[in-house]
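Lettering follows sequence order; numbering is per chain, from 1.
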Amino acid sequence: MDDQTRMLTGLTGLGGLSQPDVGDPDSVRKQQSLGQPQQDIGDILQQIMAITDESLDEAQARKHALNCHRMKPALFSVLCEIKEKTVLSIRGVQEEDPPDPQIMRLDNMLLAEGVSGPEKGGGSAAAAAAAAAAGGSPTDSSIEHSDYRAKLAQIRQIYHSELEKYEQACSEFTNHVMNLLREQSRTRPISPKEIERMVAIIHRKFSSIQMQLKQSTCEAVMILRSRFLDARRKRRNFNKQATEVLNEYFYSHLSNPYPSEEAKEELAKKCGITVSQVSNWFGNKRIRYKKNIGKFQEEANLYAVKTAVDAANVSAQASQANSPATPNSGGYPAPCYTPDGRL
DNA sequence: AAGTATGATTCGAT
DNA sequence: ATCGAATCATACTT
């Protein structure tokens with residue numbers, strides 16, 4: 001034991017901070033008496049440090065020389081000793097591996113958007129779900145949808161190829177480090193636990209890179225989504241015929257301009273728009289009419305006449321009578337819409 | 001370019 | 001869930 005401690009202090013002093021001496025003449029004498037001057041060990045360590053600067057062949061040769069060095073077993077056992085002491089202090093530090101909430105959030109979002117997860121099916125399904133959730137009717141899929149899907153697929157593809165690259169790089173690097181450690185385990189003691197820890201460290205590093213990828217992918221999806229929603233927001237006026245149909249219904253039901261679900265569906269069909277568009281239209285119409293009845297008076301009269309004419313035409317057709325003049329061209333039925341007249 | 005019309009969205013109330 | 005109300009954002013008009 002006495003021997004070993006002396007050896008240990010000598011080695012650590014040299015290896016650690018290139019201190020020329022430990023101030024223990026006894027140890028020096030002992031080493032010298034062994035025919036192994038300290039300077040030699042210093043040289044060896046220097047060579048180890050310089051090994052990365054050398055060419056591969058040189059390094060191989062030196063490694064070989066080192067492995068064959070007669071002090072190697074002693075060095076190894078000393079390193080084992082040191083290890084045993086330090087491992088105890090390290091052991092407690094590495095028992096935490098909580099799943100990063102940030103990366104979980106990103107993962108969830110990517111999964112929800114159909115970027116990660118199962119192939120093609122998931123992607124289009126998620127796109128459809130997103131479109132449906134955005135308020136559109138399931139039947140008005142069109143250029144915008146396919147455009148959105150195409151862009152999403154593009155993002156998805158880039159994401160996956162990048163992810164694959166990262167994973168490949170990670171496993172390559174891990175392999176490399178493992179080989180290195182295996183190689184080094186010939187000169188110094190390396191516990192499996194240590195290797196495990198090293199691998200964990202590498203994986204952590206790579207997962208932080210992955211997180212960046214995921215983050216930027218998420219951003220891209222968000223931008224795409226907002227653009228998609230903006231595109232949906234882009235307004236196009238309904239065609240004349242559609243507005244006419246809607247107005248006809250509105251003014252002929254002025255006392256209760258709240259079409260039932262069935263009526264909405266019928267109007268939607270007639271106008272070539274969605275039910276929610278019909279709802280929007282009636283919502284807007286009601287509030288705008290109520291806000292300024294005067295402004296809509298003319299329009300109201302117009303449609304009152306129109307329906308009257310239609311009715312007249314129908315009856316005329318039925319009764320074979322032919323008088324072009326409208327029967328009630330004198331006084332229009334004043335629309336008496338009561339804002340609070342909901343039933 | 002400024003003003004108006006209009007479809008869509010959002011929010012709180014019911 | 002649906003409405004009114006306010007508001008947004010674009011289309012259309014002047």
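Straight-line distance from the NZ atom of A/Lys285 to the C1' atom of C/dT2: 21 Å, rounded to whole Å. Remark: P of B/dA5 and CD of A/Glu298 are 12 Å apart, rounded to the nearest angstrom. The nearest whole Å value for the distance from the NZ atom in A/Lys240 to the C1' atom in B/dT6 is 15 Å. Computed from coordinates, the A/Trp281 CH2 to B/dT6 P distance equals 10 Å when rounded to whole Å. Note: NZ (A/Lys291) to P (C/dC3) measures 18 Å, nearest angstrom. Between the CZ atom of A/Phe282 and the C1' atom of B/dT9 there is a distance of 19 Å, given to the nearest Å. In this structure, CD1 of A/Ile287 is placed 18 Å from P of B/dT10, rounded to the nearest angstrom. For the pair A/Asn292 CG and B/dA5 C1', the interatomic distance rounds to 13 Å; values are reported in whole Å.
Among the nucleotides C/dA6, C/dC3, B/dT6, the one closest to the side chain of A/Arg286 is C/dC3. Residue A/Phe238 has its side chain nearest to B/dA8 when only C/dG4, C/dT2, B/dA8 are considered.
Between A/Phe250 and A/Tyr289, the ring planes lie perpendicular to each other; the angle is over 60°, past the 30° to 60° tilted range.
Taking 3.5 Å as the limit, the base of B/dA8 and the side chain of A/Asn284 contain a donor-acceptor pair of atoms between them.
Applying the 4.0 Å criterion to OP1 and OP2 of B/dG7, one finds that A/Gln277 has every side-chain N and O outside that range. A/Lys290 has a side-chain polar atom (N or O) that falls below the 4.0 Å cut-off from OP1 or OP2 of C/dA5. OP1 or OP2 of B/dG7 has not a single side-chain nitrogen or oxygen of A/Asn280 nearer than 4.0 Å.
Using a 4.0 Å cut-off between charged side-chain N and carboxylate O, A/Arg197 and A/Glu194 make no salt bridge.
Backbone-only engagement by A/Lys295 is indicated by non-hydrogen atom pairs under 4.0 Å involving sugar-phosphate atoms exclusively. The residue A/Arg288 sits close to a base: some heavy atom pair falls under 4.0 Å. Contact annotation for A/Asn237: backbone-only contact, meaning every heavy-atom pair under 4.0 Å involves sugar-phosphate atoms and none involves a base.
Cluster membership check: A/Tyr166 does not share its hydrophobic cluster with A/Ile201, using side-chain heavy-atom separations under 4.5 Å among Ile, Leu, Val, Met, Phe, Trp and Tyr.
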Exercise for the section: Mind running side chain to side chain donor-acceptor pair (under 3.5 Å) on A/Tyr251 and A/Glu299 for me, showing each step along the way? Expected result: CA-CA 9 Å; A/Tyr251 287 110; A/Glu299 191 178 75; 2.4 Å; yes
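Projected onto DNA chain C by closest heavy-atom contact, A/Arg236 and A/Lys264 fall at different nucleotides, the more 5' of which corresponds to A/Lys264.
A donor-acceptor contact under 3.5 angstrom links the side chains of A/Lys285 and A/Asn247, judged on distance only.
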